[in-house]
Every structure is written in structure tokens, then in C-alpha cells.
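Just so it is clear, the values below take in all heavy atoms, side chains as well, and ignore hydrogens, waters and symmetry mates. Keep in mind the model is a prediction, meaning the values are calculated, not measured.
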Amino acid sequence: RARASIHRARAPAPRLQLGADSSEVSATTRRVDLYTDAHVDAMLAILALFTVAVATAAEQTTQLISASAAGYQYIGRFQHQGDISMFDMPGTEIRASLVLSAASKVSVKLAQKHHPHNIQGSGNTKNSGFQENAIVVWVNGERQGAGGSNATFTTLSSQTENPVSFPLTTGGAALPAGTHEIRIFKATEADWNGGSPAPNYLTFYGLSSTALEPAAAPAVLAPPPPLPTRKIEFLGDSITAGFCNMCETQASNPLHATDHNEAYDATWDHQIGELLNAQVHTAAWSGLGMYTNCCGGNTTMPSIFSRTLAT
């Protein structure tokens, strides 16, 4: 239909001049026809490419499976509120079995609370406020990102409190169609060595996916494998939270978990849970003691233990 309408709109052939040689007129007419047909074909080709591009862009939309959807598993302390879930304790974990109908790029949508530091405070109260959080991701049992005990990604001080989508795979690679076991693990403590707790928690909005094939069926969550039945809870300070358990690697591996080089999945308490196949819930905070603190601040661990969100 497009070709027919374009032909109808073609400019009229040149008017014949009286006395003109018939061979010249014939040649001129053929040249006009060839010139016009070539442009029509080019225009049709461009129109077809544009139509495919627009249709593909329209159909490859990003889909969010919100944090309240059935199928997510939460390990550790989470505060669920509507379609979001908030957390900040070390070792808190989100698991899901994500089913993709087509190859897709998958990310986790997270926000982090920002609170200014108390620069007028004394001792470790100056540390209270925004700190980057490190997240480790496993996909089908394979650690994503730097490897070892370092983070797959970290939140950034430059980001706002609005949610940000962080790719779940190394280099943002797409996952193939099929079922994928996802683990999202918080590798840092609530607010390292902060003597006066200030809001530093993360908010989980859900998993988002963008199919690379047009008109692909939406991603869904399948019933995940059962969690371990054993549960262990740890209460402690820096040695339990993992403070500086990655400090030895700072010179050789600049992609450390945070500026104080800790990775909760390398702690003794988390590894005990792995060895015993147990869920681990940990309330641990560097600098805060059971009765008194090492470096200042009036908040002690009994107060932290009673909270869902430590900060």
C-alpha cells in the first residue's frame, strides 16, 4: 500500500516539446522512471527499518516484579511496607527463582536512605550517616562481579534517595531463557562504627527484567527451593560484623567492598551457617558493645537487637 501511494504521488513526466526527437523523449522518460523507482525503493527500505525499530522499542519494555510478590524469600530482618522491603543488617538476603521466557537483562531496584554526617560529633559519632553499602549477587550458584569476597556492586554517595537499577550479572550480561536462582546478599553492616545510629537502610523495590526479544512473555517468579530449617542468630560487634576482614586485599584488589574493607560473607559467623546449612540472622555493629562502647556513642547492642532496622 505504501508503494502504491508513493507511486501515485510521483512527479509527472516532463512535458513533450514540439519537434523533439522521439528517441530523446523515450530516453528521458526511462531515466525519470528509473530515478523515481530507485528513490521509492530506498524510501520503502528506510520506512521498514524505522517501523521495526519503533515496534521493537515499544515491545521491549522493562517489567518490575515488586518486593511484595509471592515467591521472594527473605533471610534476616526486613521491614515490609506495601510493595517495598527495607533492610540494613549485615548478611540480610533476598532469594528468588526467576523464570524468563526469552533472553533478558535483569537488575535489582534499590534505594538507600541518605543522612548527613554529624561532623560536629565526638568520637565515632562523626561516622554516623550515609555510608556505601556493598551487595554480593549469586546467579545459579555463580558469584557475580569481582569474585572472592568482594562486592558485585556498591551503592554510591552520588545517587539520590530515588531507586536505582543495578545489574545482577557481571558486566550487565543478559541471562538466557529459563529458570535462574538469584541470591542478593548485603555484605556490609548497618552503619560502620557509627556511635549514634542515623538512617542508612536500603529499600528493595523488586527485580526488573528487559527481554531482548519482542513480544516475549513477562518474567515470573517460580516457587523457590526450600530454605534451610536450621536457624542461628549472632549478636556482636566488629569481629562478628567482619570489620577489616578484607583489608589485606586492598592493595592488590582496588574493587573492595567499601572504604573500610569488610565483607560479611567472609565472616566466621556466616561461614558457620554455610557449613551447618543454616539460616543466619546477625545483629552486629563495629564499635558498639553489650554494656559500653569502645569509641564513643550512647547506643549499645541491646538497643540495636530490639530493632528491625538497626539505623
Side-chain angles (χ1 to χ4, degrees), residues 48-76 78-88 92-114 132-145 151-156 158-187 201-227:
L49 289 174
F50 177 77
T51 303
V52 170
V54 171
T56 301
E59 292 166 354
Q60 289 185 352
T61 56
T62 298
Q63 172 205 358
L64 177 69
I65 304 177
S66 72
S68 62
Y72 287 115
Q73 293 174 322
Y74 295 95
I75 299 176
F78 284 82
Q79 181 173 310
H80 304 291
Q81 180 178 314
D83 287 335
I84 59 175
S85 296
M86 295 162 282
F87 62 104
D88 63 4
T92 42
E93 184 176 349
I94 303 164
R95 296 186 183 185
S97 295
L98 182 65
V99 182
L100 302 174
S101 63
S104 306
K105 293 193 173 185
V106 182
S107 59
V108 56
K109 196 171 185 180
L110 292 173
Q112 179 168 346
K113 192 70 176 175
H114 277 237
E132 296 178 351
N133 274 299
I135 303 294
V136 178
V137 176
W138 287 269
V139 177
N140 300 323
E142 183 176 346
R143 191 189 192 93
Q144 304 297 302
T152 303
F153 65 85
T154 62
T155 59
L156 304 173
S158 58
Q159 72 187 63
T160 67
E161 291 189 358
N162 295 324
V164 175
S165 292
F166 296 93
L168 289 188
T169 56
T170 303
L175 293 175
T179 302
H180 302 279
E181 302 302 328
I182 309 293
R183 293 179 60 191
I184 301 168
F185 181 91
K186 188 174 184 292
Y201 56 84
L202 293 166
T203 300
F204 173 59
Y205 283 78
L207 293 176
S208 61
S209 62
T210 303
L212 302 184
E213 298 178 11
V220 296
L221 296 182
L227 292 173

Just wondering, do [Y] and [X] contact through their side chains at under 4.5 Å, heavy atoms?
| X | Y | answer |
| --- | --- | --- |
| R95 | P224 | no |
| L221 | L98 | yes |
| L168 | Q144 | no |
| I135 | I184 | yes |
| E181 | V139 | no |

Report the distance from atom [atom1] of [X] to atom [atom2] of [Y], rounding to the nearest 0.5 Å.
| X | Y | atom1 | atom2 | result |
| --- | --- | --- | --- | --- |
| K105 | T210 | NZ | OG1 | 9.0 Å |
| K113 | T155 | NZ | OG1 | 14.5 Å |
| Q112 | N162 | CD | CG | 13.0 Å |
| F185 | I94 | CZ | CD1 | 12.0 Å |
| F153 | T170 | CZ | OG1 | 12.0 Å |
| E213 | L100 | CD | CG | 11.0 Å |

Specify the closest pair of heavy atoms between [X] and [Y], including all atoms of both residues, with the distance to one decimal.
| X | Y | answer |
| --- | --- | --- |
| F78 | I75 | CE1-O, 3.3 Å |
| S85 | H80 | OG-ND1, 2.7 Å |
| A219 | I65 | O-CD1, 3.7 Å |

Looking at Q81 and M86, would you say the former's side chain and the latter's main chain have a donor-acceptor pair under 3.5 Å?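 Judged by distance alone, no pair lies under 3.5 Å.
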What class does the angle between the rings of Y74 and Y72 fall in, given that below 30° is parallel, 30 to 60° is tilted and above 60° is perpendicular?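 Answer is tilted, since the angle falls between 30° and 60°.
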Quick one: side chains of residues 201-209, donor-acceptor pairs under 3.5 Å with protein atoms, not counting sequence neighbours, listed by atom name and distance.
residue	atom	partner	partner atom	Å
S208	OG	S107	OG	2.6

Distance-only criterion, 3.5 Å: show the donor-acceptor pairs between side-chain atoms of residues 173-180 and protein atoms not counting sequence neighbours.
residue	atom	partner	partner atom	Å
H180	ND1	N140	ND2	3.0
H180	NE2	P176	O	2.6

